[in-house]
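See below for the structure under consideration.
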Amino acid sequence: MTDENIAGGEGDDGDGSGDGIRTFPFPADRSVLGVGMQIGPMGTGRTWHSDAPLHRVHRIDFHVVMLFTGGPVRHMIDFAEYEATAGDVLWIRPGQVHRFSPDSEYRGTVLIMQPGFLPRATVEAAGLYRYDQPPLLHPDPAQRAALTAALDQLRREYEDTTTLPLSLHTAVLRHSLSAFLLRLAHLAASSAEAVRLRQADTTFTLFRDAVERGFATNHSVSAYADALGYSRRTLVRAVRAATGQTPKGFIDKRVILEAKRLLAHTDMPIGRVGAAIGFPDAANFSKFFHQHTDMTPAAFRAELR
């Protein structure tokens, strides 16, 4: 739940009960002075959007960072339930399917930021698109104090609309936001799961971004390697160093995640789900899904309903 000044905008997909998972865009019209971020309090009784009840799954096309001052709070992100308590941080990235818990009281500060608001160098340094990193972070007291101080400073700068002209105000916000996110990235990278991700180089970063753009139509490692100008061997080394997986395994994992999202959260026919992720033949999609999950698409959908 967010403060009403930080609620989502109108979505352009279905509402989760039809053929698509509703996606809520960054609510630029509600930002102070129209900047590409918002920050404010979470509180009881506030919804993400009037058309998105707390129990309904949806996507967002922006980043959300919640620093909790109360709990426990249960929050679902891509089929995993996370329980946050006071002092924890939950980081939801663009495109992830998530759902608020109607039984939890969301207390603390929430920050949302629009892709493109920060320079590319900061985006990479802060790991804004490291989807393999854990969403739930548990800072120790010193880390929590530093994050809280950085967030409080960012909120003061965001709300101060009179001291500086808009161009300088925006520049200060970018610097303050970068400082907070770099601290947060350091915390994420210190987790055992994320240690190996620090080894990822530009090769993996470019591959990861290309897969995110093209997984629905392109499942070929060679095609990605050719498009990026790398040899297949170079791509294998980079992806294995960053994730412990092969490039093919990385692609397939992303495709399966999208298939699960559509099967679980929409009423799209199974054949259309397959077509949406690059399998125009329903039998081939069912075979692929079964190979990776030991379940048929129909059985997976039935188990969750």
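Starting from 1, each residue takes its place in the sequence as its number. Just so you know, these numbers come straight off a predicted model, no measurement behind them.
Using a 4.5 Å heavy-atom threshold, the side chains of L118 and L181 count as touching. A heavy-atom distance below 4.5 Å is not found between the side chains of V89 and L136. In this structure the side chain of I77 reaches within 4.5 angstrom of the side chain of Y82, judged on heavy atoms. Considering only heavy atoms from C-beta on, P94 stays 4.5 Å or farther from Q114 through its side chain.
A ring pair (Phe, Tyr, Trp, His ring centres under 6.0 Å) with H63 is found for one member of Y129, F180, F26 and no other, namely Y129. In summary, of the residues considered (L154, L164, L168, L33), a side chain to side chain contact (heavy atoms under 4.5 Å, CB included) with L173 occurs for L154 alone. Remark: of the listed residues R99, H98, R22, H98 is the sole one forming a side chain to side chain donor-acceptor pair (under 3.5 Å) with H58.
Formation of a donor-acceptor pair under 3.5 Å by the Q38 side chain with backbone atoms of P27 is found in this model. S104 places no side-chain N or O within donor-acceptor distance of the main-chain N or O of Y106, the cut-off being under 3.5 Å. Distance alone, capped at 3.5 Å, is enough to place a donor-acceptor pair between the S178 side chain and the R174 backbone. Between the side chain of D88 and the main chain of T85, a donor-acceptor pair closer than 3.5 Å is present.
A salt bridge is absent between R156 and D160: the closest approach of a Lys/Arg side-chain nitrogen to an acidic carboxylate oxygen does not fall below 4.0 angstrom. Classification of E212 and R208 as a salt-bridged pair fails, no side-chain N sitting under 4.0 Å from a carboxylate O. Between K260 and E303 there is no salt bridge, since no side-chain nitrogen of the basic residue lies less than 4.0 Å from a carboxylate oxygen of the acidic one. Contact check on R261 versus D78 returns a salt bridge, with a Lys/Arg side-chain nitrogen under 4.0 Å from an Asp/Glu carboxylate oxygen.
Interatomic distance, CZ of F250 versus CZ of F207, reported as 6.0 Å (0.5 Å rounding). Summarising the geometry, atom CG belonging to L128 is positioned 9.0 Å from atom OG1 belonging to T122; distances are rounded to the nearest 0.5 Å.
The number of heavy atoms from other shown groups lying within 6.0 Å of NE2 (H138) is above 12. In this structure, K248 places its NZ atom where more than 12 heavy-atom neighbours from other residues, nucleotides or ligands lie under 6.0 Å away. At most 12 heavy atoms of other shown residues, nucleotides or ligands fall within 6.0 angstrom of atom CZ in R183.
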Ring pair (Phe, Tyr, Trp, His ring centres under 6.0 Å) evaluation trace for F215 with H219: CA-CA 6 Å; F215 71 87; H219 304 165; 8.1 Å; no
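Taking the six-membered ring for Trp and the full ring otherwise, the centers of H169 and Y158 sit at least 6.0 Å from each other.
Side chains of R232 and S222: a donor on one and an acceptor on the other come within 3.5 Å.
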